[in-house]
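Because the structure is a prediction, the values reported are computed rather than measured. Each ligand, and each atom within it, is numbered from 1 in the order the structure gives. Sequential numbering from 1 along the given sequence is applied to the chain's residues.
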Amino acid sequence: MAGLELQDIRKRYGETEVIHGVDLSIPDGAFTVFVGPSGCGKSTLLRMVAGLEDISGGTMTIGERVVNDVEPADRGVAMVFQTYALYPHMTVGENMGFGLRMNGAPKAEIESRVQEASKILKLDPYLKRKPKALSGGQRQRVAIGRAIVRHPDVFLFDEPLSNLDAELRVAMRVEISRLHQELGTTMIYVTHDQVEAMTLADQIVVLRDGRIEQVGSPLELYDNPDNLFVAGFIGSPRMNFMAGTVESSDGGVRISLKDHDATVERPLSARPAPGTEVVIGVRPEQFAKGGAAELDLRVDVVEHLGSSSFIYAAPVSAGKSSATDEPPVIVESRDARGVKDGSTFRASFDPLDALLFDVASGNRLR
Ligand code: ADP
């Protein structure tokens, strides 16, 4: 078991820097998820932890040890990849034990570790099978087993579920969570899927363009994002963003919305100057509670999920910019069975629940 400290970690490919000084603490035993859009540097960062990429700058500590120049095999980490790359001619048991055999571990030791891993992963019935006689999910379990037998201090997962179909992904997600509970080992998991991040993580690290945007527990990031990027990335369907302008900010802020005939008033510690361009963020479910801020909307489309529905709607206020580029306002409703496309309705929210962001910086106004 080990925690990790990343201090000013940088990665350059030739002249191009792709990781720009990452500082991060990963507590011992925590499940940490790196999430962000494609190309943000998640895999590169993970591969630097694994030792598969050189570290161009900064200090990487695993446990008590600086590992910048330590070989991958000596870092106490084991990695599970998106493609499981099992040896087709070996059985499940042989595949799991292969790494240990290469390291010259005694046969009895290999056997007992393979037994232990196959029990944890419920692979006992398949130990003598070849990979081609397994389902995708079972193959990925074997790949995880290959990591478990090494008794690593840290597990590294690089988008391990991306090749599985949706149903299997959900099932494997639960299994990986259970595995973490059972082993209690530090795990770092890379995904571009914010639902995976929300459901698996103790701690989510949101990355963009080689920098950390925010670190926090799933609900901290959901409830309290620091900036527009995190607010928009975490949550599905995403948070509604409505453009507005500050009218006054004496002891509270009054904002007129651009695409709606509406103003939003609320207390705010920050005192943005009148005229400041802002964005108001409201999550789809916040309309259920209602409140003093009111929007008149026209229904574009209703998505019925069964237990609830999402109404995609546009502002009615034609006087304002009708050819707006703003995405639809998404309103979650538990009572939308009779709602017709094209009909109008009033949605309201509590201004205190809304998040405010400064357009120029993208930062939250608190
Ligand atoms: P992610 O895993 O978040 O999709 P990556 O870590 O794979 O992103 O990539 C981060 C950035 O580094 C991207 O801009 C990518 O183009 C760049 N990159 C990755 N590998 C190399 C490489 N071998 N040479 C040059 N640039 C690379």
Side-chain angles (χ1 to χ4, degrees), residues 4-26 30-62 67-72 75 77-85 140 143-144 147 154-164 166 169 172-173 176 186-216 218 221-222 225-236 238 362:
L4 289 87
E5 290 291 333
L6 278 60
Q7 285 169 308
D8 197 25
I9 290 293
R10 289 170 191 276
K11 178 68 189 176
R12 281 181 289 273
Y13 291 109
E15 297 287 286
T16 317
E17 188 171 89
V18 298
I19 302 285
H20 310 287
V22 161
D23 293 304
L24 178 66
S25 282
I26 295 180
F31 198 122
T32 297
V33 175
F34 294 169
V35 71
S38 181
C40 70
K42 326 177 273 296
S43 298
T44 303
L45 203 52
L46 190 77
R47 292 170 62 83
M48 283 196 279
V49 174
L52 302 174
E53 296 280 356
D54 290 337
I55 297 167
S56 313
T59 310
M60 171 101 58
T61 312
I62 301 180
V67 296
N68 285 46
D69 299 317
V70 175
E71 288 295 313
R75 290 190 183 198
V77 304
M79 188 139 160
V80 178
F81 297 90
Q82 180 178 343
T83 48
Y84 352 106
Q140 189 53 285
I144 294 171
V154 183
F155 282 93
L156 307 176
F157 294 93
D158 193 359
E159 306 230 16
L161 307 185
S162 301
N163 284 351
L164 305 178
R169 263 208 314 268
M172 282 301 291
R173 210 165 71 198
I176 290 176
T186 311
M187 294 187 174
I188 308 177
Y189 188 104
V190 161
T191 180
H192 60 271
D193 177 350
Q194 59 90 25
V195 177
E196 265 177 38
M198 287 294 284
T199 50
L200 283 169
D202 297 316
Q203 162 174 277
I204 297 180
V205 179
V206 181
L207 290 158
R208 175 166 70 151
D209 294 341
R211 290 191 174 83
I212 292 181
E213 290 284 319
Q214 194 172 352
V215 181
L221 298 195
Y222 189 83
D226 281 342
N227 54 50
L228 271 171
F229 181 79
V230 175
F233 194 79
I234 301 285
S236 175
R238 54 178 270 154

Show, in sequence, the C-alpha distance, side-chain angles and deciding distance for Gln82 and Asn163, and conclude whether the side chain to side chain donor-acceptor pair (under 3.5 Å) test is met. CA-CA 7 Å; Gln82 180 178 343; Asn163 284 351; 3.2 Å; yes
Where does the angle between the aromatic ring planes of Tyr189 and Phe31 fall among parallel (under 30°), tilted (30 to 60°) and perpendicular (over 60°)? tilted
For atom 19 (C) of ligand 1, what is the closest protein heavy atom, and at what distance to 0.1 Å? Tyr13 CE1, 3.6 Å
Do you see a protein non-hydrogen atom under 4.0 Å from atom 15 (C) of ligand 1? no
Is the backbone of Gly235 close enough, under 3.5 Å, to the side chain of Gln194 for a donor and an acceptor to pair up by distance? yes
Considering non-hydrogen atoms of the protein only, which is the closest contact for atom 17 (C) of ligand 1, and what is the distance? Val18 CG1, 3.9 Å
Which residue and atom name correspond to the protein heavy atom nearest atom 1 (P) of ligand 1, and how close is it? Gly39 N, 3.4 Å
Under 4.0 Å to a heavy atom of Thr44 - the qualifying atoms of ligand 1, by number: 5 (P), 6 (O), 9 (O), 10 (C)
Among all protein heavy atoms, pick the one closest to atom 2 (O) of ligand 1 and tell me residue, atom and distance. Ser43 OG, 2.8 Å
Is the side chain of Thr191 donor-acceptor paired with the backbone N or O of Asp193 at a distance under 3.5 Å, no angle test? yes
Would you say CG of Asp209 has more than 12 non-hydrogen atoms from neighbouring residues, nucleotides or ligands within 6.0 angstrom? no
Would you say atom 23 (N) of ligand 1 makes contact with the protein, given that contact here means a non-hydrogen protein atom less than 4.0 Å away? yes
Salt bridge flag under 4.0 Å for residues Glu17 and Arg10: yes
Are Gly36 and ligand 1 in contact, using a heavy-atom cut-off of under 4.0 Å? no
